[in-house]
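Only this structure's heavy atoms are used, side chains among them; waters, hydrogens and symmetry mates stay out. The shown structure was predicted, so the numbers you read here are calculated from the model rather than taken from an experiment. Reminder, nothing fancy here: chain letters follow the sequence lines and each chain counts from 1.
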Amino acid sequence: MTSLQKRVYEVVKKIPRGEVLTYKEVAEFAEHPLAFRAVGNILNKNRNPKIPCHRVVRISGGVGEYNKGREKKLALLKREGVVIKNDKVVILK
DNA sequence: CGTATGACGTGCA
DNA sequence: GTGCACGCCATAC
């Protein structure tokens with residue numbers, strides 16, 4: 001269990017329902033701004049249901065991948081109130 | 001220890 | 001808007 005992994009889990013765990021963070025944001029919050037690549041890896045290997053990893057999307061708004069399938073991720077996000085436009089997450093700034 | 005791969009991002013043609 | 005090359009970090013072999 002690396003510290004990065006711990007931080008990533010902490011951050012992702014704190015994502016409010018109906019909101020999403022980008023891999024880059026998660027990396028920033030985890031104090032490893034350049035490790036967004038590793039963030040994806042960590043989340044991919046993660047099988048902990050306490051981690052809402054489906055709330056982590058691409059910076060371009062794309063939903064990205066998911067260990068249970070992109071469609072599943074989309075469905076979960078929609079169900080939680082996230083607005084999806086043309087298979088892309090609408091990130092309001 | 002070097003290489004390859006992956007839930008990614010950026011830059012450029 | 002699309003496609004491709006490169007860079008980044010962690011993990012698997």
Side-chain angles (χ1 to χ4, degrees):
Chain A
M1 184 71 94
T2 70
S3 81
L4 174 63
Q5 207 175 76
K6 235 165 59 169
R7 294 177 211 271
V8 170
Y9 288 155
E10 275 293 304
V11 173
V12 177
K13 228 186 298 187
K14 284 172 181 140
I15 301 178
R17 185 180 176 283
E19 283 212 20
V20 295
L21 283 184
T22 66
Y23 292 94
K24 202 175 196 178
E25 293 288 313
V26 174
E28 284 256 356
F29 277 83
E31 302 182 53
H32 282 257
L34 304 180
F36 42 79
R37 197 64 133 98
V39 172
N41 261 321
I42 294 170
L43 293 179
N44 181 17
K45 292 188 161 193
N46 172 47
R47 294 280 190 282
N48 190 335
K50 301 253 63 161
I51 312 294
C53 35
H54 59 273
R55 289 176 191 157
V56 185
V57 298
R58 291 195 125 176
I59 201 173
S60 32
V63 49
E65 292 289 326
Y66 190 53
N67 49 18
K68 291 175 188 126
R70 297 194 301 280
E71 292 297 328
K72 198 74 177 166
K73 189 168 179 180
L74 256 303
L76 285 169
L77 290 174
K78 280 185 187 177
R79 172 182 256 188
E80 297 191 351
V82 179
V83 183
I84 308 293
K85 185 76 174 174
N86 203 331
D87 284 18
K88 302 242 190 315
V89 179
V90 181
I91 307 173
L92 8 90
K93 291 185 169 182

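- Put simply, CD on A:Glu28 and CZ on A:Phe36 are 10.0 Å apart, with the number rounded to the nearest 0.5 Å.
- C:dA10 atom C1' lies 15 Å from atom OH of A:Tyr23, rounded to whole Å.
- Only one option out of A:Val12, A:Leu4, A:Ile51 pairs with A:Ile42 in a side-chain contact (heavy atoms from CB on, under 4.5 Å); it is A:Leu4.
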Would you tabulate the nitrogen or oxygen pairs shorter than 3.5 Å linking the protein to nucleotides 10-13 of chain B?
residue: B:dT10; atom: OP1; partner: A:Lys24; partner atom: NZ; Å: 2.9

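- With sequence neighbours left out, A:Glu31 forms a side-chain contact (heavy atoms from CB on, under 4.5 Å) with A:Arg7.
- Contacts between residues 68-89 of chain A and DNA chain B, defined by a heavy-atom separation under 4.0 Å, are made by A:Lys73.
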Inset, instruction - Applying side-chain contact (heavy atoms from CB on, under 4.5 Å), run through A:Leu43 and A:Tyr23 and close with a yes or a no. - result: CA-CA 10 Å; A:Leu43 293 179; A:Tyr23 292 94; 4.2 Å; yes

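- Separation of atoms CG (A:Asp87) and CD (A:Glu71) is listed at 6.5 Å; rounding is to 0.5 Å.
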Side-chain donor/acceptor pairs under 3.5 Å, residues 58-67 of chain A, sequence neighbours excluded:
residue: A:Glu65; atom: OE2; partner: A:Arg70; partner atom: NH1; Å: 3.2
residue: A:Asn67; atom: ND2; partner: A:Asn46; partner atom: O; Å: 3.4

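- With rounding to whole Å, A:Glu28 atom CD is found 16 Å from C:dC8 atom P.
- Distance check: A:Cys53 SG to A:Ile15 CD1 gives 9.0 Å after rounding to the nearest 0.5 Å.
- With rounding to whole Å, A:Asn46 atom CG is found 15 Å from C:dA10 atom C1'.
- The distance from atom CZ of A:Arg55 to atom C1' of B:dA7 is 16 Å, rounded to the nearest whole Å.
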Inset, instruction - Just do the side-chain contact (heavy atoms from CB on, under 4.5 Å) check on A:Val8 and A:Val26 with the steps written out, would you? - result: CA-CA 7 Å; A:Val8 170; A:Val26 174; 4.0 Å; yes

Check residues 75-84 of chain A and write down every donor-acceptor pair under 3.5 Å in which the side-chain atom is one partner and the other belongs to a residue at least two apart or another chain.
residue: A:Glu80; atom: OE1; partner: A:Arg55; partner atom: NE; Å: 2.6
residue: A:Glu80; atom: OE1; partner: A:Arg55; partner atom: NH2; Å: 2.8
residue: A:Glu80; atom: OE2; partner: A:His54; partner atom: NE2; Å: 3.1
residue: A:Glu80; atom: OE2; partner: A:Arg55; partner atom: NH2; Å: 2.9

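- A:Ala38 comes within 4.0 angstrom of a nucleotide base, judged by non-hydrogen atoms across all strands.
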Could you run down the sub-3.5 Å N/O contacts of the protein with nucleotides 4-7 of chain C?
residue: C:dG7; atom: O6; partner: A:Arg37; partner atom: NH2; Å: 3.4

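- A:Leu74 and A:Ile91 fall within a single hydrophobic cluster, where Ile, Leu, Val, Met, Phe, Trp and Tyr are joined by side-chain heavy atoms under 4.5 Å apart, directly or via other members.
- Atom CG of A:Leu4 is separated from atom P of C:dC9 by 11 Å (rounded to the nearest Å).
- Between A:Lys6 and A:Glu10 there is no salt bridge, since no side-chain nitrogen of the basic residue lies less than 4.0 Å from a carboxylate oxygen of the acidic one.
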